[in-house]
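The first residue of the sequence shown is numbered 1, and numbering continues consecutively from there.
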Amino acid sequence: MKIGKHKKYGMHLYINIDNLNSMINKDEAKNDDLARTFHQVNTFIESIEKFTENFSETCFVEKFTTSRLHLYFVVDKDAKDSCNNAVVRLFQTICFARCLVNRFKSIKKYEHLPDLKIGVGADIGEFVEFEYIDDGVEEMTTIGPPANRAAKLQSTVSLDVDKDVNISKTLYDLIPDAFKKKFFGSIRVITERVASRYANLFSYSAKNCELETVVSTYNTWADRKDRGLADALEITNKTNIGDVSTVEARKKIDFEQLSLRSPRYVDGVMLYADIRGFTNKVDKWDLAETERLTKQVLQMMNRCVDTENGVHVQFQGDRESGIFYDHTEMEKDFVLSAVLSAMRMIEGLEHINESRDTDKLRIGIGMHMGDIYLSRLGRKGNKFNIAMGQTVKEADKAEDDIAGVGIERESYSEIAITAKVYNYLVELTKSDDNAEKIVKTFKSTSSKNEYYISRAKYSDLLSTAVALPVNTALVEAVDRIVHRVKPQSRWALPRNIRVAIQGMFSYDGVNFNPFKSGDTVYTKASLNFTPRHSLPRPYKVIWQITNTGEEARLGNGLRGVKFEDADIIQVGGILIGKKETAEYRGVHYIQCFIIRNGNECLGYSQPFEVNIR
């Protein structure tokens, strides 16, 4: 995995389509697909991207998330001219977005859709750029307070119907007097809302149309606006509505295969997972510490989604978004998979926290189920993975407003699911023991039963009463290895697999990251394998390592004959099992057995496959 890091200073801007879900609902009701909505959203994104190419050396469009476009303007902190220029570019971009949505009213293709309404939030401060490259995911994301605060300021626009632009006091203090005159002091109701999450964040609000009266005094504005609107019309006419075909996805989605012309929809679960307070902690860490933890956190969340056959949508700073639905590769019920993925994340963060004496991290996860609309839009190769719809909005709310929120719960990692997800799980208990065990971990947050919360981690679900899924092909392949002693020749094995193995790898012997069976690690990596179960004590853990391949054979490293005692150690209350080193390239396997009284096998795992390069 690679993460490239760059610490910078600048302004973060969120431009939100406030009524996107109204557009979706109307489009779906009238046309039974979202061709017009996808088309207009793409024109909105591409047109603003094209407009900001006027400032390409300092302005960057990061991504479109849920219903909002995230941009940032890099500023030289010590140069006043740099800041003044960035402010003008920021407000020109805001005003162009308003001119753009006004122009949409006269475009025939969009006449059946509601007029777009936008809200804006902006803040300034230090942040870090990260380029994430791992497991086929290549994505740039920013970490730092200004993005989060800008997003929160944008989300409060609707609290004051007379204003549609909110900026922080920090940014307000830096803008020219001509713009300050259009911001009429701190808005108390908005400040109270954002201060509940971000201390000392004061909001100043304005009307977009009034800001344009200031922007229009700059010589560059009229020409840029006219060229931008002409570009928007060209983008609009580039693709016919009839060429956009929204169909249901049956296979596992690859976003790189999606585009404006080929969007998809699924009936599935939307999951959002956010590391609480992470962006504020970044301010206290040096770049090396920020890189290390960001790498661990993003990789852990992404792999928890992938392990349960979910589809990664995008990162939003330290936030992961994924979808789960009934596709051809889904091995179990998709709702069950979504909840198990969330519980894996709680456990994964617990592992990360083991190495931290202070600044313990916690995670909030929210889920809702229903129709989710997916595409890949924007300029430069359709680079933005898009998930939108009411389901997305409700999952976002469950994560942001419910999971781990409130004085009595703010120190816990929590999963929040809507009543629709909970009721589905209850129905599933009639046929699935895992669902029954999961449901018991959730409790309602109020008498209205709108949301249910759980703090359970994945290993809490592993018990003698619940059998784990078996990879039959893997088990049969390992049984065919000639030099391996078959465990059933030594013990009578239980009928079902009751034990899971958690694999961790490290290239420096200090920072360990999770990996799953079948993943690739490189030679000289340190490996830890931990049994996950809830079988009754007392017991002893026995391991069988099976090495294969030419390098192991030539190096006298073939293993598979012996059964070895676990060298278990305890770290932070967590048992860490077998320690190994990735020495020989090839495909190798590790399996564990829980033994009582020397010869009674209480439970065992299926082989865990390790590919070493």
Any idea how Tyr424 and Phe334 line up, ring-wise: parallel (<30°), tilted (30 to 60°), or perpendicular (>60°)?
->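 Answer is tilted, since the angle falls between 30° and 60°.
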Would you call the rings of Trp491 and Phe563 parallel, tilted or perpendicular, where under 30° means parallel and over 60° means perpendicular?
->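 Ring orientation, 0 to 90° scale: perpendicular.
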Is Lys457 salt-bridged to Asp460, cutoff N-O under 4.0 Å?
->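 Counted as a salt bridge, because a side-chain N and a carboxylate O are separated by less than 4.0 Å.
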Using 4.0 Å as the upper bound for N to carboxylate O, is an ion pair formed by Arg276 and Glu399?
->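 Here Glu399 pairs with Arg276 in a salt bridge, since their nearest N and O are under 4.0 Å apart.
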Test side chain to side chain donor-acceptor pair (under 3.5 Å) on Thr66 and Tyr272 and set out the steps.
-> CA-CA 11 Å; Thr66 311; Tyr272 281 109; 3.0 Å; yes
Shortest non-hydrogen contact from [X] to [Y]?
{"X": "Phe60", "Y": "Val74", "answer": "CE1-CG2, 3.7 Å"}
{"X": "Ile501", "Y": "Ile590", "answer": "CD1-O, 3.7 Å"}
{"X": "Thr441", "Y": "Ile438", "answer": "OG1-O, 2.7 Å"}
{"X": "Thr142", "Y": "Ala147", "answer": "OG1-CB, 4.3 Å"}
{"X": "Ala273", "Y": "Ile365", "answer": "CB-CG1, 3.9 Å"}
{"X": "Glu49", "Y": "Gly378", "answer": "OE1-CA, 3.4 Å"}

Residues two or more places apart in sequence or in another chain: which of them pass ring-ring contact (aromatic ring centres under 6.0 Å, His included) with [X]?
{"X": "Tyr522", "value": "none"}
{"X": "Phe64", "value": "none"}
{"X": "Phe608", "value": "Phe515, Phe529"}
{"X": "His12", "value": "His70, Tyr72, Phe127"}

Do [X] and [Y] have side chains that get closer than 4.5 Å, going by heavy atoms?
{"X": "Thr141", "Y": "Glu62", "answer": "yes"}
{"X": "Glu350", "Y": "Ile363", "answer": "no"}
{"X": "Arg303", "Y": "Arg344", "answer": "no"}
{"X": "Met300", "Y": "His351", "answer": "no"}
{"X": "Ile453", "Y": "Ile415", "answer": "no"}

Please say whether the positively charged group of Arg376, taken as NZ for Lys or CZ for Arg, lies over the ring of Phe255, i.e. under 6.0 angstrom from the six-membered ring centre and within 45 degrees of the axis.
-> no
For the backbone of [Y] and the side chain of [X], can you confirm whether one donor and one acceptor N or O come within less than 3.5 Å of each other?
{"X": "Gln314", "Y": "Asn385", "answer": "yes"}
{"X": "Asp432", "Y": "Ala435", "answer": "yes"}
{"X": "Ser262", "Y": "Ser259", "answer": "no"}
{"X": "Asn611", "Y": "Gly518", "answer": "yes"}
{"X": "Gln296", "Y": "Ile352", "answer": "no"}

Decide yes or no on side-chain contact (heavy atoms from CB on, under 4.5 Å) for Lys332 and Leu340, but give the supporting numbers first.
-> CA-CA 11 Å; Lys332 57 176 76 77; Leu340 290 174; 3.8 Å; yes
Testing Met301, Arg319, Arg362 for side chain to side chain contact (heavy atoms under 4.5 Å, CB included) with Ile275, which one passes?
->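 Result for side chain to side chain contact (heavy atoms under 4.5 Å, CB included) with Ile275: Met301.
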Could you check Val269 against Ile323 for side-chain contact (heavy atoms from CB on, under 4.5 Å), going step by step and ending with a plain yes or no?
-> CA-CA 6 Å; Val269 174; Ile323 54 172; over 6 Å; no
What donor-acceptor contacts under 3.5 angstrom involve side-chain atoms of residues 467-479, with partners at least two apart or in another chain?
from: Asn471; atom 1: OD1; to: Ala473; atom 2: N; distance (Å): 3.4
from: Asn471; atom 1: OD1; to: Leu474; atom 2: N; distance (Å): 3.1
from: Asp479; atom 1: OD1; to: Arg484; atom 2: NH1; distance (Å): 3.1

Would one find more than 12 heavy atoms of other residues, nucleotides or ligands at under 6.0 Å from atom CD of Glu331?
-> no
For Val521 and Tyr507, what are the C-alpha separation, side-chain angles and deciding distance, and is it a side-chain contact (heavy atoms from CB on, under 4.5 Å)?
-> CA-CA 9 Å; Val521 296; Tyr507 293 118; 4.1 Å; yes
Hey, mind stepping through Gln316 and Ser321 against side-chain contact (heavy atoms from CB on, under 4.5 Å) and telling me if it holds?
-> CA-CA 8 Å; Gln316 301 167 11; Ser321 55; 4.2 Å; yes
Would you tabulate the side-chain donor-acceptor contacts of residues 549-559 under 3.5 Å, counting partners in other chains and residues two or more places apart, or write 'none'?
from: Glu550; atom 1: OE1; to: Arg553; atom 2: NE; distance (Å): 3.4
from: Glu550; atom 1: OE2; to: Arg553; atom 2: NH2; distance (Å): 2.5
from: Glu551; atom 1: OE1; to: Arg585; atom 2: N; distance (Å): 2.9
from: Glu551; atom 1: OE2; to: Arg585; atom 2: NE; distance (Å): 2.6
from: Glu551; atom 1: OE2; to: Arg585; atom 2: NH2; distance (Å): 2.6
from: Arg559; atom 1: NH1; to: Glu580; atom 2: OE1; distance (Å): 2.9
from: Arg559; atom 1: NH2; to: Glu564; atom 2: OE1; distance (Å): 3.4
from: Arg559; atom 1: NH2; to: Glu564; atom 2: OE2; distance (Å): 3.0
from: Arg559; atom 1: NH2; to: Glu580; atom 2: OE2; distance (Å): 3.2

